[in-house]
J.: 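Shown below is the structure under consideration.
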Amino acid sequence: MKYRKPEKKRKPPQQHVLKTLDRIFSKAGICSRTEAREWIVRGRVKVNGKTQRDPEHWVDVDQDAIVLDGRPLRAEKKIHILLYKPKGYLTTYKDPEGRPTVYDLLQKLDQWVFPVGRLDQDTSGLLILTNDTDFAEHITNPDYHVAKTYLVKTSTLLSDEQLEMLRQGLELKDGPTRPAKVRRMRDSESRSFIEITITEGRNRQVRRMVEALDSKVLKLVRVAIGPIRIERLQIGKWRHMTQDEVRVLRRSGRKGAGPVESAAKRAPAAEGGDSGAVSE
Ligand code: URA
């Protein structure tokens with residue numbers, strides 16, 4: 001038999017993680033991508049000893065030495081904040097008109113965070129802020145079906161048929177809404193108080209769903225994101241999420257523990273207390 005040289009085991013090709021320079025900063029949780037672009041253009045960033053002013057410059061996370069203002073770049077510790085946003089505050093960093101923003105409520109925080117999704121100026125309730133982009137993506141990307149639960153006061157009495165329409169999904173101008181969980185909490189003479197859980201986060205979605213029923217939202221409070229509820233958090237205050245909460249929320253959604261079900265089951269009474277109640 002002819003001798004055959006044993007085949008050489010091929011080394012797997014080395015995986016180089018390439019990202020644009022601006023993205024490295026936002027991924028590291030240091031600042032927003034917009035801020036990173038400004039810093040880079042202003043010449044505050046060096047790559048391998050040379051000033052790099054192009055935010056789109058490709059860098060290898062593991063190989064290239066990136067320095068900001070003379071200090072090597074290190075990933076910031078990931079933080080996850082739960083804020084009870086009051087009505088009247090904008091979910092934005094700075095408002096050109098000088099209106100209050102959610103950042104005004106975070107003054108004691110010394111790390112950069114960004115809001116995970118947004119609440120309208122007139123909506124109150126639970127808002128997560130973080131520097132953890134993957135975590136934020138899990139909550140905001142509708143593909144993960146992470147539930148968001150709202151208490152709603154409507155301008156008219158809603159019939160059972162109208163609630164059923166919310167449940168089944170309605171046609172909005174950007175397409176049909178997914179099936180929602182809807183519970184009637186109570187009615188007054190001319191208003192309904194409902195709890196609705198949706199798994200998308202389209203712009204003004206709940207308001208538009210109610211408007212599609214020829215009614216209006218008079219008050220809107222987000223009381224839960226996945227299985228995380230406002231509970232004892234006071235309006236205008238924030239707290240760090242526990243590691244458990246972060247873990248549970250990462251797992252919630254389509255492949256997770258079924259937050260739509262659990263949020264609805266554990267819903268408290270719609271009025272009173274500081275747990276996101278909608279009152280008259
Ligand atoms: N749906 C709305 O209409 N507004 C919000 O702020 C959140 C959900």
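All ligand and atom numbering here is 1-based and tracks the order in the structure.
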J.: Quick check: does Arg208 get an N/O under 3.5 Å from an N/O on ligand 1?
T.: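 In this structure, Arg208 places no N or O atom under 3.5 Å from an N or O of ligand 1.
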J.: By number and element, which atoms of ligand 1 are closer than 4.0 Å to a non-hydrogen atom of Leu220?
T.: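 That gives atoms 1 (N), 2 (C), 3 (O), 4 (N), 5 (C) of ligand 1.
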J.: Using every non-hydrogen atom in the two residues, find where Ser215 and Thr156 come nearest and quote the distance to one decimal.
T.: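 Closest pair (atom of Ser215, atom of Thr156, distance): OG-OG1, 2.7 Å.
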J.: Closest non-hydrogen protein atom to atom 1 (N) of ligand 1, residue and atom name please, with distance?
T.: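 Going by distance alone, atom 1 (N) of ligand 1 is nearest to Val206 N, 3.2 Å.
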J.: Regarding Asp22 and Thr20, do their side chains bring together a donor and an acceptor under 3.5 Å, going by distance alone?
T.: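 Yes, a side-chain donor-acceptor pair sits under 3.5 Å.
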J.: If the cut-off is 4.0 Å to any non-hydrogen atom of Tyr150, which atoms of ligand 1 fall inside it?
T.: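 Counting from 1, the qualifying ligand atoms are 7 (C), 8 (C).
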J.: Counting C-beta onward and ignoring hydrogens, is there a side-chain heavy-atom pair between Val45 and Val67 closer than 4.5 Å?
T.: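 Val45 does not reach Val67 side chain to side chain.
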J.: If you measure every N/O of Thr123 against every N/O of ligand 1, is any gap under 3.5 Å?
T.: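 N/O-N/O distance below 3.5 Å exists for this pair.
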J.: Among all protein heavy atoms, pick out the one at the shortest distance from atom 4 (N) of ligand 1; state its residue, atom name and that distance to 0.1 Å.
T.: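 Going atom by atom, the protein heavy atom closest to atom 4 (N) of ligand 1 ends up being Asp120 OD2, 2.7 Å.
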J.: Taking atom CG of Asp64 and atom CG of Asn48, what is their separation to the nearest 0.5 Å?
T.: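 Here the rounded value is 4.5 Å.
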J.: If you measure from CG on Leu170 to OG1 on Thr177, what distance do you get to the nearest 0.5 Å?
T.: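 Result: 4.5 Å between the selected atoms.
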